[in-house]
Number of protein chains: 2
Amino acid sequence: MTKNDASATAPVRAKYLQIKDSLLQDHVEGKPAGTALPPERVLAQDFGVTRVTVRRAIDELESDGLVYRIQGGGTYTVGPSIAKSLRLTSFSEDVRARGRTPSSEVLEVSQGPAGDEVGRSLHLSPMDTVVTIRRLRMADGEPMCLEVCALPARLAPGIEEEDLTGSLYAILSGRYGLEPARAEQVIEATVLDEREAGMLAVPPFSAALRATRTSYDTRGGPIEFAVTTYRADRYSLRFAVRRD
Amino acid sequence: MTKNDASATAPVRAKYLQIKDSLLQDHVEGKPAGTALPPERVLAQDFGVTRVTVRRAIDELESDGLVYRIQGGGTYTVGPSIAKSLRLTSFSEDVRARGRTPSSEVLEVSQGPAGDEVGRSLHLSPMDTVVTIRRLRMADGEPMCLEVCALPARLAPGIEEEDLTGSLYAILSGRYGLEPARAEQVIEATVLDEREAGMLAVPPFSAALRATRTSYDTRGGPIEFAVTTYRADRYSLRFAVRRD
DNA sequence: GAGTGGTCTAGACCACACT
DNA sequence: GTGTGGTCTAGACCACTCC
C-alpha cells in the first residue's frame with residue numbers, strides 16, 4: 001500500500017492536493033468575497049495532517065488567486081468573480097473549462113527547416129526539420145484564435161496523419177509520451193491584418209492578443225513553439241499578483 | 001535577539017529569501033541555460049539549514065521562472081533570456097529594474113464620485129469620493145504608458161498636494177501607511193485612438209496592451225483601481241507557467 | 001543501487017492582529 | 001493575552017532518473 005489510500009491502480013494524488021480540492025469545495029467555491037477559512041490549526045486537525053500540509057494546500061489556493069492571507073488575521077476568499085489562474089493549459093482544455101465546445105480547422109500541416117527563431121526556441125539548428133501546424137480554433141463554432149505551432153519532427157514522427165482538429169497536447173501525450181510540464185510565454189498586443197481579421201471574423205485592424213509560447217516536457221527539453229493570436233474582444237488574461 | 005542575525009533595527013529577512021538571493025547570485029545569474037544547481041541536500045548542509053528551507057528558496061526561483069526541477073534528475077537554470085516574473089511592481093520600480101530612469105507628466109488630478117465600475121472595484125458606493133490621477137509615464141523621457149488611477153479619497157486625504165511625478169506606491173506607503181500587497185489584474189489588447197497615440201508618440205490606431213488592476217493592502221481592503229495603457233512596441237508580458 | 005527531487009510528520013518559536 | 005499566519009528544525013519515506 002502506498003502512503004495514500006487511493007485505489008491500487010490510480011496514480012497517487014498528494015494529500016495537499018486532495019486537501020486543496022476539499023477546501024475549494026467546502027470553503028471557497030460559491031462563497032462571497034471575504035469569507036474566512038477556518039484557522040490552519042483547525043484544518044490540520046480536521047484533515048488529520050500536520051499544519052505544514054494544510055499550509056501547502058492553502059499556498060496553492062493563494063497562488064491561484066482564490067484566497068488571500070493576512071498575517072495574524074486569517075485566510076479569506078477573494079470571491080467568485082476572480083478565478084482563472086496561470087496554468088499551462090491547451091486551448092481545448094481552456095474552452096471546455098468555460099463550458100463551451102472546442103473545435104479546430106486545420107489550415108496547414110507541413111514539414112521544413114526550423115529557421116532562426118523557431119530553431120533557437122526549440123534548441124535545434126535552423127536546418128533541423130520541424131512540423132508546422134496552422135489552425136483556426138473555435139469555441140461553439142465561433143472563431144477565437146489563430147495558432148501556428150512548430151514541433152521538432154524527430155519527436156513526433158507521423159503526427160501529420162493524426163486528427164489535428166482536437167487537442168494537440170492529448171496527441172503528444174497519448175501517442176508520443178510527451179507531457180508538457182512548463183512553458184515560457186510572452187504576451188503582446190498586435191493589430192490584425194485583413195487576412196487574419198477575415199479568418200477570425202472581425203473587422204480588419206482589430207486589436208489582438210498574441211501569445212508566444214515555448215513548452216518543455218517533464219525532462220526539460222523543448223517540445224513545442226507556438227504563436228497564438230487571440231481576438232481581443234473574446235480573450236483577456238486575468239491573474240493575481242503579489243508583492244512579497 | 002531575533003532568529004536572524006540581521007542588525008538590530010533592520011527588518012528580519014527570512015532565511016529562505018536570503019538563500020534565494022545567494023543561489024541567484026552563485027548559481028543562476030550569468031549561467032548558461034541548463035546549468036545544474038547543487039543537490040538540495042548539499043545546499044542544506046552548506047547553508048546550515050534543513051532541506052525544507054532550501055526547497056522553499058528554490059520554490060521561489062522556480063515560480064519566478066528562473067530554474068526548473070526534474071524529479072530524480074536535478075534542478076537546472078532556465079537561462080539568461082527569460083527573466084521578469086509576475087510580481088506586483090509599480091511602474092517606477094519596473095523601469096528602474098530595467099536600468100532606465102522613470103518620470104511622469106501629471107495630466108490631471110481631480111476628485112469626484114467613483115461611479116459604477118470604479119466604485120465596485122474599490123468596494124465603494126458609486127457616490128463615494130475618489131481621487132483620480134491621470135499620468136503619462138516615461139522611461140528616459142520616452143513615453144511608455146498612460147495611466148489612470150483612482151484612490152478612495154478617504155484613504156489618501158491631501159494626496160493632491162503631493163509630488164505625483166514619482167512613485168505613487170512610495171507616497172501611499174510613506175505618507176499614508178498603505179502597503180499594496182496583492183492585486184488582481186486583467187490584460188487586454190486594444191487599439192489607440194488619435195489622442196492617446198499622440199501622447200504616446202506612436203502612429204494612430206497602433207496596438208496597445210491595457211492592464212486593469214485593483215490593488216489591495218496588507219489588510220485586504222482595496223486601495224487603488226488603475227487602468228494602464230502600454231505601447232505595444234515597448235511592452236510585453238513575459239512569464240513562466242506550469243502544468244501541475 | 002545510488003542519488004535526486006516530492007511529500008509528510010510533530011513539533012517549536014516568531015511576528016502580527018484583535019480585544 | 002490569545003489566536004492567527006510565517007518560518008524553521010530534524011528527521012522519514014516515496015517516486016523517479018541514471019547508471
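A, B, ... follow the sequence lines: proteins, then strands. Residue 1 opens every chain. Just so it is clear, the model here is predicted, and its values are computed rather than measured.
- In the set C:dC8, D:dT9, C:dG5, C:dG5 carries the atom at the smallest distance from any side-chain atom of B:Q71.
- Atom CG of B:D217 is separated from atom P of C:dA17 by 10 Å (rounded to the nearest Å).
- Environment of CD in B:Q45: sparse, with no more than 12 heavy atoms of neighbouring residues, nucleotides or ligands closer than 6.0 Å.
- When each of C:dG5, D:dG5, C:dT9 is scored by its nearest atom to the side-chain atoms of A:T75, the top-ranked nucleotide is D:dG5.
- One can find a donor-acceptor pair under 3.5 Å joining the base of D:dG6 and the side-chain atoms of A:R51.
- Summarising the geometry, the separation between OH on A:Y76 and P on D:dG3 is reported as 15 Å, rounded to the nearest angstrom.
- One atom, NZ of B:K20, and another, P of D:dG6, lie 17 Å apart when rounded to the nearest Å.
- Rounded to an integer number of Å, the gap from CD of B:Q45 to P of C:dG3 is 14 Å.
- In this entry D:dA12 has C:dT7 as its Watson-Crick or G-U wobble partner, both defining distances falling under 3.5 Å.
- When the side-chain nitrogen and oxygen atoms of A:T53 are compared with OP1 and OP2 of C:dT7, none of them lie within a distance under 4.0 Å.
- In this structure, the OH atom of B:Y68 is 18 Å from the C1' atom of C:dG6, given to the nearest Å.
- Of the N and O atoms on the side chains of A:R137 and A:S104, at least one donor lies less than 3.5 Å from an acceptor on the other residue.
- Below the 3.5 angstrom threshold, one finds no donor paired with an acceptor across the side chain of A:R41 and the base of D:dG3.
- With C:dC8, C:dG5, D:dT7 as the choices, the nucleotide that has an atom nearest any side-chain atom of B:V52 turns out to be C:dC8.
- Taking the side chain of A:K15 as heavy atoms from C-beta on, and the options C:dT9, D:dA10, C:dG5, the nearest nucleotide is C:dT9.
- Between the A:E93 side chain and the A:S90 main chain, a donor and an acceptor come within less than 3.5 Å of each other.
- Residue A:E179 contributes atom CD, which lies 12 Å from atom P of D:dT17 at whole-angstrom precision.
- What separates CG of A:L43 from C1' of D:dG3 is a distance of 14 Å, to the nearest Å.
- Comparing B:G72 and A:L17 along DNA chain C, the residue whose closest nucleotide (by nearest heavy atom) sits nearer the 5' end is B:G72.
- Between D:dT9, D:dT7, D:dG6, one nucleotide has an atom nearer to the side chain of B:R56 than all others, and that is D:dT7.
- In this structure, B:D21 contributes its side chain and B:Q18 its backbone to no donor-acceptor pair below 3.5 Å.
- Residue contacts shown for B:I70 are limited to sugar-phosphate atoms, with no base heavy atom under 4.0 Å away.
- A donor-acceptor distance shorter than 3.5 angstrom exists from the side chain of A:T35 to the backbone of A:P32, with no hydrogens or angles considered.
- The backbone N or O of B:G119 lies less than 3.5 Å from no partner atom in the side chain of B:S125, so there is not a single donor-acceptor pair.
- Taking 4.0 angstrom as the limit, A:Y16 places none of its side-chain polar atoms (N or O) nearer than this to OP1 or OP2 of C:dC8.
- Distance CG (B:L37) to P (C:dG3): 19 Å, rounded to an integer number of Å.
- At a threshold of 4.0 angstrom between heavy atoms, the contacts of B:R55 include nucleobase atoms, whether or not backbone atoms are also involved.
- When distances run from any side-chain atom of A:R69 to the nucleotides D:dG6, C:dC8, C:dG6, the shortest one goes to D:dG6.
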